[in-house]
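First listed ligand is number 1; within each ligand, the first listed atom is number 1. All residue numbers refer to positions in the sequence shown, counting from 1. None of these values were measured; they are calculated from a predicted model.
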Amino acid sequence: MKLLITGGAGFIGSALVRHAIACGHDVLNVDKLTYASNLNSLGSVRDDSRYRFLQADICDGDAMRRAIADFQPDIVFNLAAETHVDRSIDGPDDFIRTNIGGVHTLLEVCREALAAARLPGTFRFVQVSTDEVFGSIESGCFDETSPYRPSSPYSASKASADMLVQAWTKTFDFPAIITNCSNNYGPWQFPEKFIPTIISKAVRGEPVPVYGDGQQVRDWLFVNDHAEALLLAGQTGRTGEVYCVGGGTTMPNVELARLVCDLVDRHGAGAADKPSRELITFVEDRPGHDRRYAIDHGKITRELGWQPASDLERGLAATVDWYMANRDWLNRLAASGQAGQRLGVIKGGLV
Ligand SMILES: NC(=O)c1ccc[n+]([C@@H]2O[C@H](COP(=O)([O-])OP(=O)(O)OC[C@H]3O[C@@H](n4cnc5c(N)ncnc54)[C@H](O)[C@@H]3O)[C@@H](O)[C@H]2O)c1
C-alpha cells in the first residue's frame with residue numbers, strides 16, 4: 001500500500017514510518033522539520049527504495065495538493081502536530097495553526113482529490129489524536145463515548161481537529177478514522193517530554209523536576225505498539241469510527257520518575273553521589289494540569305485484534321537502554337539550551 005505519513009520525522013511518526021516500511025509498504029513522509037523532528041530517527045529506512053521524504057508544511061494547500069496528486073496514497077496518516085503542552089501554554093498560535101488549520105487543509109485537499117478521482121476509491125484518512133481531548137477522569141477509563149473536555153491549548157487544538165474530522169465524515173461522507181491514544185514512550189522522544197527529561201537530568205546529576213505533587217496518573221504505551229495500532233486501524237478500521245488506544249498500565253508520575261531513575265542507576269549512569277531518585281524535586285504544577293488519564297482499549301482489541309505487546313517495566317528498561325546508547329543527542333540538546341528548561345509557567349496572573 002502507499003501510505004502518506006505526515007509528521008514522520010517526529011517521535012511517533014518515525015516509529016510508524018519504520019514499521020510501515022518493515023511491513024513492505026511504500027511511504028511518503030511529509031514533515032516541516034520543526035525543532036521536534038529528527039531525521040536521524042529514519043536512518044534505518046532512508047536508503048530504502050520504498051521510502052520518500054518531502055519537507056513541507058501541512059498548512060500549505062498547494063504543497064499538499066501536489067503531494068497527494070503525485071503520490072496518490074491509499075491512506076493518509078496525519079501525525080504532524082505541535083505536541084508539547086507546556087509550549088502551548090507559552091504560545092498557542094502554532095498549535096492552532098498546525099493542529100487545526102493544518103488538519104482543515106489536509107481534509108479539503110483530500111476531499112477535492114477524492115471528488116476528482118485522483119485518489120483510490122478505497123482511500124482513508126487517519127487522524128492521530130490524543131486521550132487529552134477527554135480532560136481528566138477521576139476513576140474508570142475513557143472510551144470512544146467519553147465527552148470532550150480539553151484543559152490545555154494543546155488538547156483544545158487536538159479536540160478541535162477531531163471535531164473537524166467528525167464533521168467531514170458526517171457532512172461529506174469523508175472516509176476518516178480517528179484514534180485517541182494515551183501517553184507514548186520509547187526511543188527518539190524529544191527530551192522536553194517527561195521520560196527523556198528524567199533520564200537527561202539524572203545522567204547529569206541535576207534536579208529531576210516532577211510537577212505539583214506528582215500524583216497525576218498517566219496510561220503509558222510503548223511507541224512501537226502505537227505504530228502497530230495505527231497501521232491496523234488505517235488498513236482494517238471502519239471509516240467514521242473512533243478507536244481508543246492505550247497501554248493498559250497506569251502509574252502516578254512520581255512513581256514513574258522513581259522507576260526511570262532506578263533504571264538509569266542500574267546502568268551506572270547516574271551522575272549524583274546518591275541514588276538518582278533522590279534528585280526528584282517537586283516543582284510548581286502546570287496550569288490546568290489534568291489529574292488522571294486512563295484508556296479502555298477494548299474496542300480496537302475486539303474489532304481489530306490489537307493488544308499492547310509491551311509491558312511497562314520491560315519497555316521502560318529498553319527505552320533507558322536506548323537513551324544510554326544515544327546520550328550524545330541528549331547532551332547536545334541540553335548544552336544548546338534546546339531542551340531542559342521549564343516552560344509553561346504563567347507568571348503574574350493572566351499574562
Ligand atoms: N507523544 C504522545 O504521547 C502522543 C500521545 C497521543 C497522541 N499523540 C499525537 O501523535 C502525533 C505525533 O506526536 P509525537 O509525539 O510524535 O510528536 P512530535 O512533536 O515528536 O513530532 C511532530 C512532528 O510533526 C512535524 N510537524 C509539526 N508541524 C508541522 C507542520 N505544520 N507540517 C508538517 N509537519 C509538521 C514536526 O516537524 C515533527 O516531526 C501528534 O499528532 C500528537 O498529537 C502523541
Over 60° means perpendicular and under 30° means parallel, so classify the ring planes of F142 and F134, tilted if in between. tilted
What protein heavy atom sits nearest atom 36 (C) of ligand 1, and how far away is it? T34 OG1, 3.2 Å
Ligand 1 N/O within reach of Q189 N/O, cut-off under 3.5 Å: no
At under 4.0 Å between heavy atoms, which part of Y35 makes contact with ligand 1: side chain, backbone, both or neither? neither
Would you say ligand 1 has an N or O under 3.5 Å from any N or O of V30? no
Please confirm whether L79 approaches ligand 1 to less than 4.0 Å, judged on its heavy atoms. yes
Is any side-chain N of the basic residue among R18 and D48 closer than 4.0 Å to the acidic one's carboxylate O? no
Closest protein heavy atom to atom 34 (N) of ligand 1, given as residue, atom name and distance to 0.1 Å: K32 N, 3.1 Å
Going by the closest heavy atom to atom 35 (C) of ligand 1, which one wins out of A80, A161, A9? A80
Nearest-0.5 Å distance, CG of residue L256 to CG of residue L312: 6.5 Å
So that I can tick it off, tell me whether K158 and E132 are bridged by a salt bridge, with the cut-off set at under 4.0 angstrom between side-chain N and carboxylate O. no
With no hydrogens and no angle check, do the side chains of S336 and Q338 hold a donor and an acceptor under 3.5 Å apart? yes
I'd like to check which ligand 1 atoms, numbered from 1 as shown, lie under 4.0 Å from a non-hydrogen atom of L33. 37 (O)
Distance, nearest 0.5 Å, that separates CD1 of I75 from CG of L119: 12.0 Å
So for T98 against ligand 1, with non-hydrogen atoms under 4.0 Å, the contacting part is side chain
Answer with yes or no whether the side chains of N183 and Y293 bring together a donor and an acceptor at under 3.5 Å. no
Numbered atoms of ligand 1 (with element) below 4.0 Å of T130, judged on heavy atoms: 6 (C), 7 (C)
Sub-4.0 Å atoms of ligand 1 with respect to non-hydrogen atoms of N183: 3 (O)
State the atoms of ligand 1, each with its element, that fall below the 4.0 Å cut-off from a heavy-atom position in Y154. 42 (C), 43 (O)
Working to the nearest 0.5 Å, report the span between CG of D31 and CD of Q55. 8.0 Å
Just to confirm my output: which protein heavy-atom neighbour is closest to atom 1 (N) of ligand 1, and how far is it? I12 CD1, 3.6 Å
Among non-hydrogen protein atoms, atom 32 (N) of ligand 1 lies closest to I58 N, 3.0 Å
Within reach of ligand 1, part of K158 (heavy-atom separation under 4.0 Å): side chain
Between D143 and K299, does any NZ, NE, NH1 or NH2 come within less than 4.0 Å of an OD or OE carboxylate oxygen? no
Quick check: F190 with Y35 (ring centres under 6.0 Å apart)? yes
P196 and F11, any side-chain heavy atoms less than 4.5 Å apart: no
For atom 38 (C) of ligand 1, tell me which residue out of T179, N184, D31 has the closest non-hydrogen atom. D31
Considering only heavy atoms, does N78 approach ligand 1 within less than 4.0 Å through its side chain, its backbone, both, or neither? neither
Can you name the atoms of ligand 1, numbered from 1 with element, that are less than 4.0 Å from a heavy atom of D57? 30 (C), 31 (N), 32 (N)
Which atoms form the tightest heavy-atom contact between Q215 and R291, and what is the distance? CB-NH2, 3.4 Å
By number and element, which atoms of ligand 1 are closer than 4.0 Å to a non-hydrogen atom of S182? 5 (C), 6 (C)
Could you check atom 21 (O) of ligand 1 against the protein and tell me its nearest heavy-atom contact, residue, atom and distance included? G10 CA, 3.4 Å
Using distance alone, with no hydrogens and no angle criterion, decide if N40 and N326 have a side-chain donor and acceptor under 3.5 Å apart. no
Is it the case that D219 and T250 place a side-chain donor and acceptor less than 3.5 Å from each other? no
What residue and heavy atom of the protein are closest to atom 20 (O) of ligand 1, and at what distance? F11 N, 3.0 Å
Is the closest heavy atom of A56 to ligand 1 under 4.0 Å? yes
Give the atom numbers and elements of ligand 1 that come within less than 4.0 Å of a heavy atom of V128. 10 (O), 41 (O)
Tell me: protein heavy atom nearest atom 22 (C) of ligand 1, and distance? A81 O, 3.5 Å
From C181, G102, S129 - option closest to atom 7 (C) of ligand 1 by heavy atom: S129
Under a 3.5 Å cutoff, is there a donor and acceptor pairing between the side chains of S182 and D131? no
Proximal atoms of ligand 1 relative to A36 (non-hydrogen, under 4.0 Å): 19 (O)
Salt bridge (charged side-chain N to carboxylate O under 4.0 Å, His left out) partners of residues 300-315, not counting sequence neighbours, each pair once: R238-E303
Between ligand 1 and T83, is the shortest N or O to N or O distance under 3.5 Å? yes
